[in-house]
> 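Below you'll find the structure I mean.
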Amino acid sequence: MKLLSIPLLLILISNFDASSLIKLNNRPIIGILSQELTTKRLLQYPDKTSYIAASYIKYVEGAGGRAVPIFIGKNEEYYENILKNINGVLLPGGAVYFTNRNGYAEAGAIIYKKIIEMNKNGIYMPIWGTCLGFELLAYMSANNIEIRTACTSQAQSIPLNFTRTYNNSKLFGNIPKNIRYTLETKNATANFHKWCITESTMEKFKLNKIWKVLSKNIDQNGLEFISIIEHKKYPFYGVQFHPEKNIYEFVRNRNINHDPDVILASQYFANFFINESRKNFNSFSSELEEQNYLIYNYRPEYTAKNNSAFEQIYFFDEEIIDNSN
Ligand SMILES: *[C@@H]1O[C@H](CO)[C@@H](O)[C@H](O)[C@H]1NC(C)=O
Ligand SMILES: *[C@@H]1O[C@H](CO)[C@@H](O)[C@H](O)[C@H]1NC(C)=O
Ligand SMILES: *[C@@H]1O[C@H](CO)[C@@H](O)[C@H](O)[C@H]1NC(C)=O
Ligand SMILES: *[C@@H]1O[C@H](CO)[C@@H](O)[C@H](O)[C@H]1NC(C)=O
Ligand SMILES: *[C@@H]1O[C@H](CO)[C@@H](O)[C@H](O)[C@H]1NC(C)=O
């Protein structure tokens with residue numbers, strides 16, 4: 001067999017798409033953390049112990065992933081076991097106190113610790129936090145200290161103010177021009193939060209050593225808040241706004257932008273996160289086990305018909321185990 005000449009070899013190499021060399025998991029499964037019901041919701045659904053808004057499930061599915069609910073109020077073994085089987089975790093938005101017993105923040109803290117260990121051990125395991133999930137990421141990285149500042153961003157639809165170094169990141173290093181243009185110029189991000197993380201907090205708690213700040217915004221009272229963070233070491237990402245709402249939440253008078261270019265930009269975040277989860281090769285021990293965990297075992301309720309801001313919600317009645325003492 002004749003050897004290829006060096007110049008020809010170089011041409012072949014330079015035409016070769018290096019990304020196709022990387023083996024990917026094209027059947028990624030994302031664990032989505034449930035949360036306790038608000039007092040108001042509990043009045044309507046007194047027999048339920050936790051819920052996940054269906055838009056987070058759809059967000060994952062729309063990018064080629066499948067979802068598994070992760071329940072609150074379980075013991076450490078439960079979280080350890082489930083994390084071994086899945087390829088990433090999504091911490092959704094919502095409204096709970098981080099100090100609640102056996103709730104969202106407690107489960108989040110166990111998950112966060114275990115995922116850091118996994119990454120330290122060479123298992124590429126991403127976390128995506130949206131809104132409350134973004135705040136929880138920052139909170140946990142500050143060793144569970146309340147670092148949030150009260151602010152006002154209700155039904156606020158705004159463009160992103162990218163930081164100078166936003167592009168030096170995994171999230172935006174390869175951002176297409178059209179997506180960047182949409183995010184920078186259109187009212188593309190849907191904000192619903194009364195807590196914010198500020199630049200001075202990042203400095204005070206040395207969170208700048210842990211996170212890159214990729215964008216900032218101004219709330220309805222003129223307070224500057226951080227809108228996107230990316231972990232410096234691990235594949236952890238947080239957005240203060242709600243990309244899933246643009247695509248999947250249609251309750252009126254919430255000022256959510258559904259323009260087609262904004263839908264594409266929102267999908268960019270989901271596609272990025274699911275891409276990250278494709279680099280993880282955890283799996284369930286059998287197909288039957290996988291089937292038993294998937295969200296397809298549950299049915300969402302059409303809640304917008306009954307005064308909810310969410311079109312559909314998955315309610316769960318899983319037992320809450322009291323882990324205190
Ligand atoms: C920055 O963004 C542009 C597109 O806006 C992209 O072409 C470029 O590769 C990005 N990355 C860096 C590190 O500059
Ligand atoms: C974004 O929203 C603001 C406030 O509602 C409005 O003044 C502005 O024109 C909007 N911008 C775009 C590009 O739609
Ligand atoms: C972007 O930053 C500028 C300068 O601080 C500010 O005036 C503007 O309100 C910000 N835009 C948004 C949408 O937060
Ligand atoms: C996801 O990965 C594919 C294949 O590597 C790439 O073409 C695409 O741009 C990625 N999408 C995002 C949003 O990162
Ligand atoms: C719908 O809302 C009403 C009023 O809050 C409540 O009484 C009823 O139980 C709800 N129905 C369902 C199916 O949740």
Side-chain angles (χ1 to χ4, degrees), residues 16-28 30 59-65 87-88 90 124 126-128 130-131 134 149 151-193 196-200 213-230 235-237 239-247 252-281:
F16 195 73
D17 179 5
S19 64
S20 66
L21 277 176
I22 301 162
K23 204 172 142 240
L24 293 176
N25 169 11
N26 279 332
R27 302 179 62 83
I30 304 300
Y59 181 72
V60 159
E61 290 181 344
N87 312 110
L90 193 159
Y124 197 85
I127 310 179
W128 184 272
T130 292
C131 197
F134 158 96
T149 302
C151 65
T152 307
S153 185
Q154 283 309 319
Q156 190 186 16
S157 246
I158 42 182
L160 290 175
N161 267 338
F162 288 118
T163 54
R164 210 169 28 81
T165 54
Y166 89 101
N167 211 2
N168 178 22
S169 63
K170 285 187 272 182
L171 184 52
F172 295 125
N174 288 311
I175 187 170
K177 276 205 175 71
N178 63 321
I179 305 292
R180 179 196 152 141
Y181 178 79
T182 300
L183 290 172
E184 254 188 334
T185 62
K186 306 289 177 72
N187 286 333
T189 66
N191 286 265
F192 293 88
H193 51 102
C196 287
I197 312 285
T198 67
E199 192 67 72
S200 62
V213 173
L214 306 186
S215 76
K216 295 190 224 174
N217 279 106
I218 309 282
D219 86 344
Q220 284 149 331
N221 290 330
L223 179 104
E224 188 185 63
F225 65 91
I226 289 163
S227 39
I228 305 181
I229 53 175
E230 172 175 310
F236 303 165
Y237 309 89
V239 296
Q240 180 71 84
F241 52 92
H242 287 269
E244 79 292 344
K245 285 196 193 292
N246 302 91
I247 325 175
R252 288 179 196 281
N253 303 319
R254 305 269 294 168
N255 198 19
I256 299 170
N257 194 329
H258 304 293
D259 289 350
D261 52 349
V262 170
I263 299 299
L264 273 183
S266 303
Q267 287 166 336
Y268 176 83
F269 293 105
N271 289 332
F272 174 85
F273 173 49
I274 298 304
N275 267 359
E276 287 290 89
S277 74
R278 290 189 177 100
K279 299 172 191 164
N280 179 290
F281 291 87

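Atoms within each ligand, like the ligands themselves, are counted from 1 in listed order.
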> Please determine if Asn217 has a nitrogen or oxygen closer than 3.5 Å to a nitrogen or oxygen of ligand 3.
yes
> What protein heavy atom lies closest to atom 8 (C) of ligand 2? Include the residue and the distance to one decimal.
Asn187 ND2, 3.8 Å
> Are the side chains of Asn25 and Asn87 in touch, meaning some heavy atoms are under 4.5 Å apart?
yes
> Centroid separation under 6.0 Å, is that true for the rings of Phe172 and Phe272?
no
> Please check if a non-hydrogen protein atom sits closer than 4.0 Å to atom 14 (O) of ligand 2.
yes
> When rounded to the nearest 0.5 angstrom, what distance separates CG in Asn174 from NZ in Lys170?
12.5 Å
> Enter the distance from Cys196:SG to Asn217:CG here, rounded to the nearest 0.5 Å.
9.5 Å
> Atom 10 (C) of ligand 3: which protein heavy atom is closest, and how many Å away?
Asn161 ND2, 2.5 Å
> With nothing but distance in play, are any N or O atoms of Tyr268 less than 3.5 Å from an N or O of ligand 4?
no
> Show me which atoms of ligand 2 lie under 4.0 Å from any heavy atom of Thr185.
13 (C)
> With a cut-off of 4.0 Å, which atoms of ligand 3 are near a heavy atom of Pro159?
13 (C)
> Without swapping roles, check the side chain of Tyr268 against the backbone of Ile179 for a donor-acceptor pair under 3.5 Å.
no
> Is there a protein heavy atom at a distance of less than 4.0 Å from atom 2 (O) of ligand 2?
yes
> So is there a nitrogen or oxygen of Ile158 less than 3.5 Å from a nitrogen or oxygen in ligand 3?
no
> Looking only at protein heavy atoms, which one is nearest to atom 9 (O) of ligand 3, and what is the separation?
Ile218 CG1, 3.5 Å
> Is the centre of the Phe134 ring less than 6.0 Å from the centre of the His193 ring?
no
> If you measure from CD1 on Ile30 to CD on Glu61, what distance do you get to the nearest 0.5 Å?
11.5 Å
